[in-house]
Amino acid sequence: MPERQLRMVRPDLEQLPVIAVPAEYELRTYRPGDEAAWCEVMNTGIGTDWTAEKCRRELTEREPFLPNGCFFVTKSEEAVATACAFDVQPEGLNAAQVHMVCAKPAHRGRGLGRLVTLAVLHYMREHDYTAAFLGTDDFRVPAIKTYLGLGFVPDYIEDSHRRRWSAVFAKIGERPS
Ligand SMILES: CC(C)(COP(=O)(O)OP(=O)(O)OC[C@H]1O[C@@H](n2cnc3c(N)ncnc32)[C@H](O)[C@@H]1OP(=O)(O)O)[C@@H](O)C(=O)NCCC(=O)NCCS
């Protein structure tokens with residue numbers, strides 16, 4: 001069986017930083033018909049074959065999708081970064097998933113990944129979740145740094161993940177928790 005993705009968890013949703021939207025950008029939630037614009041963001045960093053039809057099938061028309069927990073950062077109406085809350089729980093946690101965090105390359109390096117992830121965490125707290133989790137990959141260093149900075153920690157769901165996390169932390173110059 002192939003190894004599973006790395007998992008991170010934020011064991012509580014206390015002490016979330018305040019949301020600050022950089023000048024020139026706006027933060028809004030999902031509107032019906034956003035799928036094509038969402039695909040344009042995802043195709044720059046989470047796969048390359050997103051179409052509006054696939055986006056509806058795998059995201060917006062699925063039960064765990066929470067329209068008001070799906071955030072877009074826009075600049076002059078163009079969606080440039082996204083993340084959404086997905087109502088799926090790992091065992092034993094009153095959590096939801098932070099899903100599909102991505103920013104268009106021209107807008108990276110400005111903390112927009114942090115912004116959309118934080119917006120999702122605030123949404124979760126306001127909707128009575130008590131924890132958050134996410135799946136990620138070893139090579140996604142900017143994302144992992146973003147998540148660590150927001151209080152996520154590795155959740156070692158497979159023995160091999162300790163080794164994989166050590167390699168990730170060596171890459172980013174931090175120590176595993
Ligand atoms: C995840 C993503 C949204 C973050 O973009 P961003 O908000 O612009 O983040 P930044 O590029 O500023 O990087 C975040 C942090 O990683 C650091 N970083 C970026 N590239 C790095 C690298 N190659 N090595 C080490 N650190 C790096 C940045 O310095 C920054 O650190 P800081 O918080 O201490 O300032 C963006 O990288 C992205 O869309 N990636 C592709 C999709 C993806 O991987 N999604 C995550 C799925 S789980």
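Quantities reported herein were computed from a predicted structural model and do not represent experimental measurements.
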Open item on the list: Less than 4.5 Å apart, side chain to side chain, heavy atoms only: is that true for F152 and T136?
Closed with: no
Side chains of residues 60-73: which donor-acceptor partners sit under 3.5 Å, not counting sequence neighbours?
from : atom 1 : to  : atom 2 : distance (Å)
T60  : OG1    : E35 : OE2    : 2.7
R62  : NH1    : E58 : O      : 3.4

Open item on the list: Quick check: do K54 and D49 have side-chain heavy atoms less than 4.5 Å from each other?
Closed with: yes
Task: Residues in salt bridge (charged side-chain N to carboxylate O under 4.0 Å, His left out) contact with R28, at least two apart in sequence or another chain - done: D34
TODO: Work out which heavy atom in P90 is nearest to a heavy atom in A95; give both atom names and the distance.
DONE: CD-CB, 4.2 Å
Task: side-chain contact (heavy atoms from CB on, under 4.5 Å) evaluation trace for E53 with C39 - done: CA-CA 10 Å; E53 197 272 331; C39 292; over 6 Å; no
Open item on the list: I'd like to check the ring pair (Phe, Tyr, Trp, His ring centres under 6.0 Å) partners of H161; sequence neighbours left out, ordered by chain and number.
Closed with: none
- [ ] Side-chain contact test, heavy atoms from C-beta onward, threshold under 4.5 Å: evaluate it for V153 versus W165 and give yes or no.
- [x] no
Open item on the list: Is any side-chain heavy atom of V101 closer than 4.5 Å to one of Y147?
Closed with: yes
Task: D159, CG atom: more than 12 neighbouring heavy atoms under 6.0 Å - done: no
Open item on the list: Could you check whether any side-chain heavy atom of D155 comes within less than 4.5 Å of a side-chain heavy atom of M8, counting everything from C-beta outward?
Closed with: no
Task: L6 vs V168, side-chain contact (heavy atoms from CB on, under 4.5 Å): CA-CA, chis, key distance, verdict - done: CA-CA 10 Å; L6 298 177; V168 170; 4.1 Å; yes
Task: Gap between atom CH2 of W38 and atom CG of N43 - 0.5 Å precision - done: 12.5 Å
Open item on the list: Measuring from atom OG1 of T130 to atom CE of M124, what distance do you get when rounded to the nearest 0.5 angstrom?
Closed with: 11.0 Å
Exercise answer: donor-acceptor pairs, residues 17-26 side-chain atoms, under 3.5 Å, sequence neighbours excluded:
from : atom 1 : to   : atom 2 : distance (Å)
E24  : OE1    : K75  : NZ     : 3.0
Y25  : OH     : H107 : ND1    : 2.9
Y25  : OH     : R110 : NE     : 3.2

Open item on the list: Let me confirm one number: the NZ-OG distance from K171 to S166, rounded to the nearest 0.5 Å.
Closed with: 12.0 Å
TODO: Flag yes if V41 and L134 sit in one hydrophobic cluster, no otherwise; membership is Ile, Leu, Val, Met, Phe, Trp, Tyr, and two members link when side-chain heavy atoms are under 4.5 Å apart.
DONE: no
- [ ] Hey, could you give me each pair passing salt bridge (Lys or Arg N to Asp or Glu O under 4.0 Å) that has a residue in residues 77-89? Not counting sequence neighbours.
- [x] E78-K104
Open item on the list: With heavy-atom distances below 4.5 Å as the criterion, would you say the side chains of F133 and V98 are in contact?
Closed with: no
- [ ] Please report the shortest heavy-atom distance between Q15 and R10, naming the atom on each side.
- [x] O-NH2, 3.7 Å
- [ ] Could you list the residues that satisfy salt bridge (charged side-chain N to carboxylate O under 4.0 Å, His left out) with R56, not counting sequence neighbours?
- [x] none
- [ ] Indicate, with yes or no, if I157 and V9 share a hydrophobic cluster defined by side-chain heavy-atom contacts under 4.5 Å among Ile, Leu, Val, Met, Phe, Trp and Tyr.
- [x] no
- [ ] Check whether the side chains of D137 and Q5 place a donor and an acceptor atom closer than 3.5 Å, and report yes or no.
- [x] yes
Task: Main-chain N/O of L112 paired with R108 side-chain donor or acceptor, under 3.5 Å - done: no
- [ ] For residues V116 and T82, determine if any side-chain heavy atom of one lies less than 4.5 Å from a side-chain heavy atom of the other.
- [x] no
TODO: Answer yes when D138 and R140 have at least one side-chain N-carboxylate O distance shorter than 4.0 Å, and no when they do not.
DONE: no
TODO: Find the distance between CZ (R114) and OG1 (T146) and round it off to the nearest 0.5 Å.
DONE: 9.0 Å
- [ ] Can you measure from CE (M42) to OG1 (T44) and round to the nearest 0.5 angstrom?
- [x] 10.0 Å
- [ ] Decide whether a cation-pi geometry holds between R162 and Y156; the criteria are a distance under 6.0 Å from NZ or CZ to the six-membered ring centre and an angle within 45° of the ring axis.
- [x] yes
- [ ] Starting from the C-alpha separation in whole Å, work towards a yes-or-no answer on side-chain contact (heavy atoms from CB on, under 4.5 Å) for L148 and I172.
- [x] CA-CA 11 Å; L148 289 168; I172 62 180; 3.6 Å; yes
Task: Beyond-backbone contact of Q89 with Y129, side-chain heavy atoms, under 4.5 angstrom - done: yes
- [ ] Look up atom CD in Q97 and atom CZ in F86, then write down how far apart they are to the nearest 0.5 Å.
- [x] 7.0 Å
- [ ] Step by step, work out the side-chain contact (heavy atoms from CB on, under 4.5 Å) result for K145 and L150.
- [x] CA-CA 9 Å; K145 278 195 99 166; L150 283 171; over 6 Å; no
